[in-house]
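Just so we're on the same page: letters track the sequence lines, and every chain starts at 1.
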Number of protein chains: 2
Amino acid sequence: MADINFNEMIRPSGERSAEPAAGTDPRPPRWDIVELLFFAYRDFVGDADHVLEAFGFGRAHHRVVHFVCRYPGLTVADLLDVLRITKQSLSRVLKQLLDEGYIVQKAGDSDRRQRLLFATAKGEALVEKLARLQTERIDRALRDLGPGGAETVGKFLRAMIDRDDPDKVLQTILHGGAIAKDVT
Amino acid sequence: MADINFNEMIRPSGERSAEPAAGTDPRPPRWDIVELLFFAYRDFVGDADHVLEAFGFGRAHHRVVHFVCRYPGLTVADLLDVLRITKQSLSRVLKQLLDEGYIVQKAGDSDRRQRLLFATAKGEALVEKLARLQTERIDRALRDLGPGGAETVGKFLRAMIDRDDPDKVLQTILHGGAIAKDVT
DNA sequence: AATTTATGTCAGCCATGTTGACATATCAGG
DNA sequence: CCTGATATGTCAACATGGCTGACATAAATT
């Protein structure tokens with residue numbers, strides 16, 4: 001039932017780009033990596049999706065509570081930068097997370113217009129539960145890489161990210177440690 | 001404007017899991033990789049998104065035309081397995097791609113109920129345009145990895161994918177070459 | 001002839017993204 | 001202190017791309 005049509009011999013058509021086409025294009029498409037990224041990410045987020053369903057949440061909720069948990073005191077504006085979605089989309093899921101007690105707000109000290117966001121114990125528990133699932137998959141994948149494998153993968157992923165206009169969270173991730181800034 | 005709230009010293013809260021909590025949990029969350037995957041995939045698909053917009057297409061269209069182009073003769077059922085979406089969702093975008101001449105259908109030889117899918121020249125051009133963009137990013141990222149970097153990354157991504165019940169396309173990707181099967 | 005399979009299609013729902021407009025509170029500068 | 005810029009919240013309306021269930025058709029299988 002799952003295997004129909006096997007007599008029609010399917011073969012990746014990209015093999016033809018093995019022909020060095022007059023030496024004009026120096027970089028043949030990385031079909032393999034492109035597709036592996038698709039499948040890997042699909043299964044990676046799939047882990048969390050199943051659990052989230054039981055909570056009545058979606059991926060959007062996960063992303064919000066995850067970053068709030070990891071970077072306590074994040075403001076709404078920061079979150080918009082990180083997620084690259086609109087205020088509307090964010091406020092919908094953020095409101096639910098606030099109402100259901102996964103996140104709390106606190107007015108900023110220096111600027112009382114800001115709403116600093118913090119995950120509650122409930123929120124942290126959810127984030128950790130999901131991170132544990134995803135970490136299992138990552139550890140499993142890193143295990144059969146030689147030593148230095150994790151470093152190589154980390155370097156690769158960092159290099160895949162756009163560097164122009166990095167937001168606060170991205171800065172922290174890319175350049176490690178807390179962000180020191182001499183304002184105030 | 002983009003840098004508000006820097007006096008509230010944000011620091012990843014995951015550092016606390018550096019405390020070996022009574023030695024019970026042998027695997028601390030891989031916060032770094034989890035988040036790098038998010039940012040890397042976001043920017044990776046972002047490349048294609050901009051181009052697709054100009055064509056009036058979305059990510060869904062890209063996935064369909066990509067796999068059809070790469071694995072000519074794919075059936076509708078195969079595509080459903082690969083994308084893991086429903087017939088409805090697929091038929092919506094597939095119809096558009098057929099109508100606009102990016103894909104053509106052909107009845108199967110051995111089973112005339114099947115619709116074998118093929119990308120047209122127009123479809124191939126689009127897929128290659130998008131793949132070129134994504135390949136640029138990948139090449140850039142692989143460049144500053146030592147030798148063997150590409151292999152390591154490939155191994156990692158493969159290991160991130162679920163192995164239970166792999167569909168036809170996944171089989172081809174994971175175990176290389178065409179699928180030989182002794183039916184008929 | 002009867003059943004199963006591969007596909008297409010219809011109606012409608014939900015989650016999550018978008019825009020634009022507008023209200024409120026607060027900060028910051030003249 | 002007033003004024004304008006800023007941070008946030010909210011409303012209405014819409015698009016995309018998932019989903020379900022029901023049903024139709026044609027072709028294969030038994």
Side-chain angles (χ1 to χ4, degrees), chain A residues 1-8 42 45-46 48-50 52-53 55-64 73-81 83-99 103 105-117 168 183-184, chain B residues 1-8 42 45-46 48-50 52-53 55-65 73-99 103 105-117 168 183-184:
Chain A
M1 183 219 267
D3 36 15
I4 15 73
N5 191 38
F6 276 123
N7 25 3
E8 326 263 352
R42 180 191 68 176
V45 298
D49 284 347
H50 304 310
L52 288 162
E53 205 175 357
F55 284 77
F57 288 150
R59 281 183 204 176
H61 301 84
H62 183 194
R63 292 194 283 259
V64 171
L74 218 55
T75 67
V76 171
D78 294 334
L79 216 34
L80 291 177
D81 280 350
L83 303 178
R84 301 231 182 124
I85 58 177
T86 55
K87 226 183 350 172
Q88 269 317 308
S89 300
L90 174 57
S91 75
R92 243 181 334 228
V93 296
L94 184 53
K95 191 169 210 175
Q96 284 180 267
L97 290 167
L98 287 164
D99 287 349
I103 288 179
Q105 290 181 332
K106 181 170 106 56
D109 302 328
S110 48
D111 185 340
R112 297 212 326 266
R113 288 173 304 180
Q114 297 179 329
R115 304 302 172 91
L116 309 188
L117 304 171
K168 190 163 57 173
V183 184
T184 299
Chain B
M1 184 219 264
D3 37 15
I4 15 75
N5 190 38
F6 276 123
N7 27 2
E8 325 263 353
R42 179 191 69 175
V45 298
D49 285 347
H50 304 310
L52 288 163
E53 205 174 357
F55 285 77
F57 288 150
R59 281 182 206 177
H61 302 85
H62 183 195
R63 293 193 284 257
V64 170
V65 75
L74 219 56
T75 67
V76 171
D78 294 335
L79 216 34
L80 290 177
D81 281 350
V82 172
L83 303 178
R84 301 231 181 124
I85 58 177
T86 57
K87 225 183 349 173
Q88 268 317 307
S89 301
L90 175 57
S91 75
R92 246 183 329 228
V93 296
L94 184 53
K95 191 169 208 171
Q96 284 181 266
L97 290 167
L98 287 164
D99 288 349
I103 288 180
Q105 290 180 331
K106 181 169 109 53
D109 304 328
S110 50
D111 185 338
R112 297 210 326 266
R113 289 172 304 181
Q114 298 179 331
R115 305 300 174 90
L116 309 189
L117 304 171
K168 190 163 56 173
V183 184
T184 301

Nearest-Å distance, [atom1] ([X]) to [atom2] ([N])?
| X | N | atom1 | atom2 | value |
| --- | --- | --- | --- | --- |
| B/Asp99 | C/dG8 | CG | P | 12 Å |
| B/Asp81 | C/dT7 | CG | P | 10 Å |
| A/Leu94 | D/dG9 | CG | P | 7 Å |
| B/Arg115 | C/dT5 | CZ | C1' | 14 Å |
| A/Leu79 | D/dT8 | CG | P | 10 Å |
| A/Leu83 | C/dG17 | CG | C1' | 12 Å |
| A/Asp78 | D/dA7 | CG | P | 10 Å |
| B/Asp49 | D/dT16 | CG | P | 14 Å |

Taking atom [atom1] of [X] and atom [atom2] of [Y], what is their separation to the nearest 0.5 Å?
| X | Y | atom1 | atom2 | result |
| --- | --- | --- | --- | --- |
| B/Asp78 | B/Leu116 | CG | CG | 9.0 Å |
| B/Thr86 | B/Arg92 | OG1 | CZ | 7.5 Å |
| A/Leu79 | A/Leu74 | CG | CG | 5.5 Å |
| B/Ile103 | B/His61 | CD1 | NE2 | 10.0 Å |
| A/Leu52 | A/Arg59 | CG | CZ | 9.5 Å |
| B/Lys106 | B/Gln114 | NZ | CD | 10.5 Å |

Determine to 10° how strongly the helix from C/dA1-D/dT30 to C/dG30-D/dC1 is bent, judged from the axes of its five-pair ends.
-> 20°

Hey, does A/Glu53 reach any base, or is it just sugar-phosphate, or nothing, if we go heavy atoms under 4.0 Å?
-> nothing

Between the protein and nucleotides 24-28 of chain C, which nitrogen or oxygen pairs come in under 3.5 angstrom?
from   : atom 1 : to       : atom 2 : distance (Å)
C/dT26 : O2     : A/Arg113 : NH1    : 3.2
C/dC27 : OP1    : A/Arg112 : N      : 3.0

Would you indicate whether the side-chain heavy atoms of A/Leu117 and A/Gln105 approach each other to under 4.5 Å?
-> yes

Closest contact, heavy atoms only, [X] versus [Y]:
| X | Y | result |
| --- | --- | --- |
| B/Val45 | B/Arg42 | CG2-O, 3.5 Å |
| A/Val93 | A/Ala60 | CG1-CB, 3.8 Å |
| B/Leu97 | B/Val64 | CD1-CG1, 3.7 Å |

Going by modelled atom types, is there a donor-acceptor pair between the base of C/dG8 and the side chain of B/Lys87 at under 3.5 Å?
-> yes

Mark yes or no for whether B/Asp111, through its side chain, and B/Gly108, through its backbone, hold a donor-acceptor pair below 3.5 Å.
-> no

B/Val82 backbone acceptor or donor facing B/Arg63 side chain under 3.5 Å = no

Of the candidate nucleotides C/dG8, C/dT18, D/dT20, which contains the atom at the shortest distance from the side chain of B/Val76?
-> C/dG8

Protein and nucleotides 12-16 of chain C: nitrogen or oxygen contacts under 3.5 angstrom:
from   : atom 1 : to      : atom 2 : distance (Å)
C/dT16 : OP1    : A/Arg59 : N      : 3.4

B/Ser91 side chain N/O closer than 4.0 Å to the phosphate oxygens (OP1, OP2) of C/dT9?
-> no

